[in-house]
Amino acid sequence: MACKMLDSVFLCLGPCQRPIKSQRTATRSSTASIFHSKWDNLLLKGINHRKVIFPLRRNKVIQAVAAPIRPSPADSAEYGKQLADEYGFRQIGEPLPDNVTLKNVIDTLPKKVFEIDDVKAWTSVLISVTSYALGIFMISKAPWYLLPLAWAWTGTALTGFFVIGHDCAHKAFSKNKLVEDILGTLTLLPIIYPYEPWRFKHDRHHAKTNMLQEDTAWHPVWEEEFETSPFLRKAIMFGYGPFRPWMSIAHWLIWHFDVNKFRPNEVKRVKISLACVFAFMAIGWPLIIYKTGIMGWIKFWLMPWLGYHFWMSTFTMVHHTAPHIPFKYSDEWNAAQAQLNGTIHCDYPRWVEILCHDINVHIPHHISTRIPSYNLRAAHKSIQENWGPYLNEATWNWRLMKTIMTVCHVYNKERNYIGFDELAPEEAFPITFLKRLMPDYA
């Protein structure tokens, strides 16, 4: 094989192949020129499964998996389709022009999507209470070999409780704010989430979405953090690899129980929420154990709770993580690009969407948190009509999850992400295992 150099990246090419070159078609405006330039950068972040060689520090040469893909000879729309296929997307959005503001997007939404409807709001509560009660009944009656199905249903129903609390935290459930605070606290108790600490941190996630240091939901691993110690490196690889669908457990522990992480004016409400959670644990858990034993606590509470965290982690990482979606420093960050262009709409099995109150219809929620969950679909339809080419959309599939879990790891300014198996190939068994294990079909 003949190795050729492309922008400091060395590719092992077959005898008849040529290195990727920037291809641009004629543009109709200055905005279009920006679009093509950005797409050329995206092409250098594409994925295929050929072998690639990257020169790293100390001139060490290693093999990796992420590599540029050959651009289509057609225009930028074809480039987008090619990347979408590689990443497991239905559509990869065109880069949003820099002069578009978040207000521009909000102004295109119909006013009715912001309206609170008490009947629809309390119907969502009824759906969650009924589906959770049905789940507990199924757990109590199911033979051992059907328990995983009962746990999956009940964990998904618990996620519905979270979404109701989520609406309350955004003041999108009721016109009565006291009702929202009480209901939000109650709906988060079964999953041991303190309402106010979560609300404060979640508000910052919306204000700083995909901002490198300020976003309180997810962000890429720092290379310095990855290189701290062999033990931490291995823990990070397992956490962002095979255990990533449950990484929200670590986030839950780290962010919500330390009073020192909150502003002085927030501490009083944080302490009240923590007291409620600890009281629920002190009363609820012993009652479960008294009635059903330790195994009953595992069966009726722990396993559904793990099911909830599967959805919490999956929704969060799918909403904001893809090789082509950058995390940026605050001085480079653009609100409209982060919320519209940097948030992903993903369709799931319909029963999941019903039990989780359409939280997967996530782009309008990031355009405005004042949109109630039962209006998200109407808002998304409006956004599709007005901003459709800029949207990132997918249907939940193996290739999408495989891309996130095996590629989107360490922050890199030029490429957005570097995979663990590039930086530490000798220690990357968790990632190479996933690449072999997970199917590649979309």
Side-chain angles (χ1 to χ4, degrees), residues 7 21-46 68-69 71-72 74-84 86-87 89-110 113 205-212 214-215 319-346 361-371 376 379-394 411-417:
D7 294 334
K21 295 180 181 179
S22 174
Q23 297 190 20
R24 295 178 182 158
T25 58
T27 57
R28 289 174 289 180
S29 66
S30 60
T31 298
S33 298
I34 294 172
F35 163 72
H36 285 289
S37 175
K38 290 185 177 180
W39 267 114
D40 288 338
N41 290 333
L42 281 182
L43 287 171
L44 297 179
K45 299 165 187 171
I69 62 173
S72 164
D75 62 10
S76 302
E78 286 301 314
Y79 292 0
K81 290 178 183 177
Q82 206 166 358
L83 289 175
E86 291 290 338
Y87 299 157
F89 277 72
R90 208 166 52 234
Q91 172 182 297
I92 284 182
E94 302 171 9
L96 188 69
D98 292 335
N99 62 345
V100 176
T101 67
L102 198 57
K103 185 178 185 303
N104 294 148
V105 183
I106 293 173
D107 287 346
T108 65
L109 291 171
V113 303
H205 160 63
H206 276 275
K208 312 289 184 180
T209 301
N210 285 18
M211 197 180 288
L212 257 175
E214 291 84 357
D215 194 339
H319 287 159
H320 301 290
T321 311
H324 66 289
I325 293 179
F327 276 72
K328 296 183 178 181
Y329 287 101
S330 56
D331 59 349
E332 303 171 326
W333 186 79
N334 177 293
Q337 290 171 355
Q339 311 293 15
L340 180 72
N341 222 196
T343 303
I344 297 164
H345 171 88
C346 187
V361 186
H362 208 60
I363 295 174
H365 175 60
H366 268 264
I367 298 304
S368 175
T369 58
R370 294 188 296 111
I371 302 173
L376 289 174
H380 186 73
K381 183 178 179 181
S382 172
I383 292 170
Q384 283 179 316
E385 292 169 354
N386 292 288
W387 305 93
Y390 305 109
L391 304 185
N392 291 286
E393 297 183 318
Y411 170 72
N412 180 270
K413 185 175 179 62
E414 287 72 34
R415 295 166 49 198
N416 296 337
Y417 292 97

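Just so it is clear, the structure is predicted and the values come from calculations on it, not from any experiment. Note that these values count all heavy atoms, side chains included, but never hydrogens, waters or copies made by symmetry.
Aromatic pair His366/His205: ring centres closer than 6.0 Å. Residues Phe327 and His320 keep their aromatic ring centres 6.0 Å or farther apart. Ring centers of His362 and His345: at least 6.0 Å apart, outside the cut-off.
Between the CG atom of Asn392 and the OH atom of Tyr87 there is a distance of 11.0 Å, given to the nearest 0.5 Å. Between Ile344 atom CD1 and Ile325 atom CD1 the span is 3.5 Å, to the nearest 0.5 Å. Taken from OG1 in Thr101 to CG in Asn334, the straight-line distance is 9.0 Å, to the nearest 0.5 Å. The structure places OG1 of Thr108 at 8.5 Å from CG of Asn104, a figure rounded to the nearest 0.5 Å. Residue Tyr79 holds its OH atom at 14.0 Å from NZ of Lys81, rounded to the nearest 0.5 Å. Here OG of Ser368 is found 12.5 Å from NZ of Lys103. Values are rounded to the nearest 0.5 Å.
Between Gln337 and Asn210, the side chains place no donor N or O within less than 3.5 Å of an acceptor N or O (distance only, hydrogens not considered).
The shortest side-chain heavy-atom distance between Val100 and Val105 falls under the 4.5 Å cut-off. Taking 4.5 Å as the limit, some side-chain heavy atom of Pro97 sits within range of a side-chain heavy atom of Tyr390. Considering only heavy atoms from C-beta on, Ile92 comes within 4.5 Å of His324 through its side chain. In this structure the side chain of Ile367 never reaches within 4.5 angstrom of the side chain of Thr343, judged on heavy atoms. At a threshold of 4.5 Å between non-hydrogen side-chain atoms, the residues His380 and Gln384 count as touching. The shortest distance between side-chain heavy atoms of Leu212 and Trp333 does not fall below 4.5 Å. Taking 4.5 Å as the limit, some side-chain heavy atom of Leu340 sits within range of a side-chain heavy atom of Ile383. A heavy-atom distance below 4.5 Å is found between the side chains of Ser330 and Glu214.
Lys413 and Glu332 are joined by a salt bridge, as a carboxylate oxygen and a charged side-chain nitrogen come within less than 4.0 angstrom of each other.
Counting all heavy atoms, side chain and backbone alike, Ser382 lies closest to Asn386 at O-ND2, 2.8 Å. Pro364 approaches Leu376 most closely through the heavy-atom pair CG-O, 3.6 Å.
Checked by atom type and distance alone, the side chain of Asn412 never pairs as donor or acceptor with a backbone atom of Tyr417 at under 3.5 Å. Judged by distance alone, with hydrogens and angles left aside, the side-chain atoms of Gln339 form no donor-acceptor pair with the main-chain N or O of Thr209 at under 3.5 Å.
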In sequence, state the C-alpha distance, the side-chain angles, and the governing distance for Ile371 and Leu109, and then conclude on side-chain contact (heavy atoms from CB on, under 4.5 Å). CA-CA 10 Å; Ile371 302 173; Leu109 291 171; 4.0 Å; yes
Determine, stepwise, if the pair His206 / His365 fulfils ring-ring contact (aromatic ring centres under 6.0 Å, His included). CA-CA 9 Å; His206 276 275; His365 175 60; 4.5 Å; yes
